[in-house]
Amino acid sequence: MEKSCSFLIEFDKGAPALANEIKEALEGSDVSAKIDALKKAIMLLHNGETIPQLFITIIRYVLTSEDHTIQKLLLLYLEIVDKTDAKGRLLPEMILICQNLRNNLQHPNEYIRGVTLRFLCRLSETELIEPLIPSVLQCLEHRNPFVRRNAVLAIMSIYKLPGGEHLMPDAPEAIERFLASEQDASAKRNAFLMLFTCAQDRAVSYLLSHVEAVPDWGESIQMVVLDLIRKVCRSKPREKGRYITIIISLLNVPSTAVIYECAGTLVSLSSAPTAIRAAATTYCQLLQSQSDHNVKLIVLDRLSELKTSHRDIMVDLIMDVLRALSSPNLDIRRKTLDIVLELITPRNIDEVVLALKKEVMKTQSGELEKNGEYRQMLVQAIHSCAIKFPEVASTVVHLLMDFLGDNNVASAIDVVVFVREIIETNPKLRVSIITRLLDTFYQIRSARVCSCALWIISEYCLSLSEVESGISTIKQCLGELPFYTVSEESGESVSADSSSKAPSVVTVSSRRPAVLADGTYATQSAASETAVLGPILVQGSLAAPGNLRSMLLNGDFFLGAVVACTLSKLVLRLEEVQPNVVEVNKANAGALLIMVSMIQLGQSTFLVHPIDNDSYDRIVLCIRLLCNTGDEMRKIWLQSCRQSFAKMLADKQFRETEEMKAKAQISHAQPDDLIDFYHLKSRKGMSQLELEDEVQDDLKRATGEFTKDADDANKLNRILQLTGFSDPVYAEAYVTVHHYDIVLDVTVINRTKETLQNLCLELATMGDLKLVERPQNYTLAPESSKQIRANIKVSSTETGVIFGNIVYETSNVLERTVVVLNDIHIDIMDYISPATCADVAFRNMWAEFEWENKVAVNTVIQDEKEFLNHIIKSTNMKCLTAPSALDGECGFLAANLYAKSVFGEDALVNISIEKQADGKLSGYIRIRSKTQGIALSLGDKITLKQKGGS
């Protein structure tokens, strides 16, 4: 069997040391030579050499040395040297070192005493330890706290040995007396930890006898108290009530770490409403008091967990959670809104909507950079509230309609989509919404918002006055016709007086030479085609040119097609509600004139980009429709579009309901599991808190929902080894990712026999990673360790690399020693998770993101849906396309996938595939993202995974 190893050191095999040379150096009087010889002896022992003849030499010539370096190396040597024979019996010569250890334990230098006590913590031979016990106990009374705290640890290690209870039968009693009189916080913490580990009843007794003083103890001992309470309550659940009182008293201590642990302990130990409410209130207080964004995000995660298991209690604290919206960080605001939206009930909906309305109004007052994005989040939240509780829609819809002309296009789109859904699901609000929309339509400056608003006008303007107002509003926003004029007069510029309400015309012509067919020159007149900027009438006065006109003159003929469709629907509906045929024909002719003018504008040379074929065909279709309308076409245009929209909303609501049902039906236990009804047992002498706790825990015992501590296992999975075991300095890092921060908790262990001076962790990054600050220098004693924390800011999910060195100096080496660290790679797939977003948001991002990676489909899979599912599984993304849209077998498939990284970045994927005649799939997978890293990394992952069928 391999022997256990308590420390590692580097061994240079290129320069082997001979036992005789080491022996001669140890017997000499040169201190430096002794140090080098002792180092070589330790290295040989570490690499399997026994060298039994050295032990007596060390006892004779080294044990009595007063040099501190030699004494430290001696302890390392004694730690790894074989102390037993093949049968496990202690070697007789080992008794010789007891006197030296006793002398060290009585040494006037407190450091020698301390390191010797730490050495005893790693001894397991009771024959060596037994003579030293009186000296160890004496160290409990030493004046220096460093000695006392290590003496407590030594006593704890001795007591935990097999047979240790017989060696020190009164150790718990001695530590208990020591704890009663000790003033040093660290020593007191170690003493309480010893009782907690070795004599739990005494620790409990001490704790219960000092209940009133627990809030005044130091932070370190309070953390041990919480560990003790968790352990006791798991083994003795009936005694939870008395300890929960202690935990609640600790909720008011100054240490935020203790407060956070108290809240977590309450949640893990008790399901009583009183305890859960106290924990939730504590989390809310931390949410307000802490300024660090990462802390706020962690606390919000804890509140989200409470929301899942104790929703009724969290509902009462919804306004406290909402106060986190005061943070300027968008991630905190987004997570806060996500929690709040799941806690809305008919009882608090009015308060929540009122708070959200106030936040919306605040975004108008300032011109902060992210106000538009925050306003969009609030609009989406209000949208969700109005869908769940239609009665509040009337209080917010008119407020939000003021933002239809918002400079933030995404926010304006969310508002118009919200209005479109509310007007369909709330018929009572239809008239007021249409009236307000027509009044504010001229303020809209986005083509996409205009398109959706025009569709609403065309579908929900039903009465005569509404139809006429709709047609009039569109004409006003288009301005006077024609959209442009042509003049042959050279250099003429004509402008009409604005007060006459006549259009302004600006024409410019020029003469330039032209080359004729025979090669001679001639003069050619060129006439310019110029836009007619028509003013619109708003509330009795002239305003700037209409929004629709400006967009058309910028070449947006898709919007022109939408205008044509809207006018066609309004004219068709006017035929149904207007008995006067003359008025109908007049409106019909006006609509046809507008459509013809748009086609004329699109085919002119005035615009850089002419009208596209799709828009042209759509406008021509509308012209033909108004010229010759049949009953079937009228039904399609006036009824089918709205019915399709209503069906889409019903399908969306059905999917959301099914998802909620699926989440509610997740089972955590098997049907044949036994149920223990603890509440049927005797209740004599139990407090009300204990009664609540027992009853609340019954269902959790049955379903197996008791909190399981998996933090240690998760942490082990995230530990990365940075150096080799043979390096003089061993380092490993625990990587924690919190959105835009990567925290490296690096443990550095000195494996050498010397004190490392000016030890520094030097890190560098590659990619969109940035080191926040350079870690400071440390001095590391032999075999000691140090926790070094490095913070790295991340700006994207681009595949990044963290690399670096550990640099230190020693007293014997003049040059600085460098230990190269292993690279830490940031893999995109570790930080991407499925997410959902609205179709509008997906289209917005698809249009805005500049990085695209196009991957050709190359797979052996022959079924379109099977290939889609394979890509979803391989990329850890979510399909946004509704299942109903993927039904049927047509040989084609198009779907959108979406995922979000922990850094808050979006990954968009569009899959478009077609089944060929030979049964193979062809097509493309397009990936878009805001940064190059996601697009390239996802493309590589898809290329690697798409061929397989699993």
Side-chain angles (χ1 to χ4, degrees), residues 256 260 283-284 286-308 314 318 320-343 352 355-356 359-360 362-363 366 368-384 408 410-411 414 735-743 768-770 772 791-798 800 826 828 830-838 841-842 844-845 848-849 876-878 898-908 929-931 933-934:
T256 53
Y260 177 80
Y283 285 139
C284 291
L286 289 173
L287 200 58
Q288 296 301 314
S289 62
Q290 297 302 303
S291 58
D292 189 275
H293 291 167
N294 289 328
V295 173
K296 286 179 179 286
L297 291 170
I298 293 172
V299 173
L300 285 171
D301 286 337
R302 302 291 82 78
L303 287 172
S304 181
E305 293 172 2
L306 285 181
K307 171 204 66 182
T308 304
M314 286 297 299
I318 188 171
D320 294 329
V321 178
L322 263 178
R323 291 192 183 96
L325 292 178
S326 60
S327 172
N329 185 274
L330 288 180
D331 294 318
I332 294 174
R333 287 171 165 174
R334 185 178 292 107
K335 188 167 288 190
T336 301
L337 289 174
D338 291 341
I339 294 174
V340 168
L341 290 178
E342 296 188 24
L343 297 176
V352 173
L356 295 178
E359 290 295 319
V360 171
K362 289 179 183 178
T363 61
L368 297 178
E369 180 182 355
K370 295 185 179 180
N371 264 357
E373 189 174 351
Y374 179 41
R375 187 184 304 124
Q376 181 185 3
M377 291 163 48
L378 292 172
V379 169
Q380 293 172 350
I382 294 175
H383 186 177
S384 300
N408 185 287
S411 176
D414 284 334
V735 183
T736 306
V737 179
H738 291 305
H739 290 261
Y740 292 96
D741 294 331
I742 294 180
V743 180
D768 287 344
L769 308 176
K770 181 181 179 182
V772 177
N791 294 303
I792 295 172
K793 291 292 183 182
V794 186
S795 57
S796 74
T797 323
E798 181 178 354
I826 306 299
I828 181 177
D830 292 337
Y831 306 107
I832 277 188
S833 58
T836 58
C837 71
F842 187 91
N844 283 339
M845 291 186 289
E848 294 172 1
F849 290 171
N876 197 25
M877 304 187 79
K878 182 177 180 63
Y898 178 69
K900 205 173 186 67
S901 72
V902 295
F903 306 113
E905 295 171 319
D906 305 284
L908 314 178
S929 64
K930 197 171 185 178
T931 58
I934 291 182

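Worth saying up front: this structure is predicted, and the values here are computed from it rather than measured.
With sequence neighbours left out, the salt bridge (Lys or Arg N to Asp or Glu O under 4.0 Å) criterion links Glu305 to Arg302. Asp301 meets the salt bridge (Lys or Arg N to Asp or Glu O under 4.0 Å) test with Lys335; sequence neighbours excluded. Applying the side-chain contact (heavy atoms from CB on, under 4.5 Å) criterion to Arg323, with sequence neighbours excluded, gives Gln288, Asp320. With sequence neighbours excluded, the residues forming a side-chain contact (heavy atoms from CB on, under 4.5 Å) with Gln290 are Thr256, Leu286, Val295, listed by chain and number. In this structure His293 satisfies the side-chain contact (heavy atoms from CB on, under 4.5 Å) test together with Ser327, Asn329, Ile332, sequence neighbours excluded. Residues satisfying the side-chain contact (heavy atoms from CB on, under 4.5 Å) test with Gln380, not counting sequence neighbours, are Gln376, Asp414. Scored by the salt bridge (Lys or Arg N to Asp or Glu O under 4.0 Å) test, Lys296 finds no partners at all (sequence neighbours excluded).
Summarising the geometry of Tyr898 relative to Ala835, their closest heavy-atom pair is CD2-O, 3.3 Å, with the distance given to 0.1 Å. Taking both residues in full, the closest heavy atoms of Leu337 and Ala381 are given as CD2-CB, 4.3 Å, listed atom of the first, atom of the second, then distance. Among all heavy-atom pairs drawn from Thr336 and Leu322, the shortest one is CG2-CA, 4.2 Å. Leu300 and Ile339 make their closest contact through O-CD1, 3.4 Å (heavy atoms, listed as atom of the first residue, atom of the second, distance). The heavy-atom pair separating Ile832 from Ala899 by the smallest distance is CG2-CB, 3.6 Å. Here the closest non-hydrogen pair linking Leu287 and Val321 is CD2-O, 4.3 Å.
Contact check for Phe849 versus Lys930: side-chain heavy atoms found under the 4.5 Å cut-off. Glu359 has its side chain within reach of Tyr374: a pair of non-hydrogen atoms, C-beta onward, lies under 4.5 Å apart. Between Asp906 and Ile934 the shortest side-chain heavy-atom distance does not fall below 4.5 Å.
Residue Lys878 holds its NZ atom at 11.0 Å from SG of Cys837, rounded to the nearest 0.5 Å. Taken from CD1 in Ile318 to NZ in Lys307, the straight-line distance is 11.0 Å, to the nearest 0.5 Å. Rounding to the nearest 0.5 Å places CG of Asp338 at 8.0 Å from CE of Met377. Atom CG of Leu908 is separated from atom NZ of Lys900 by 9.5 Å, given to the nearest 0.5 angstrom.
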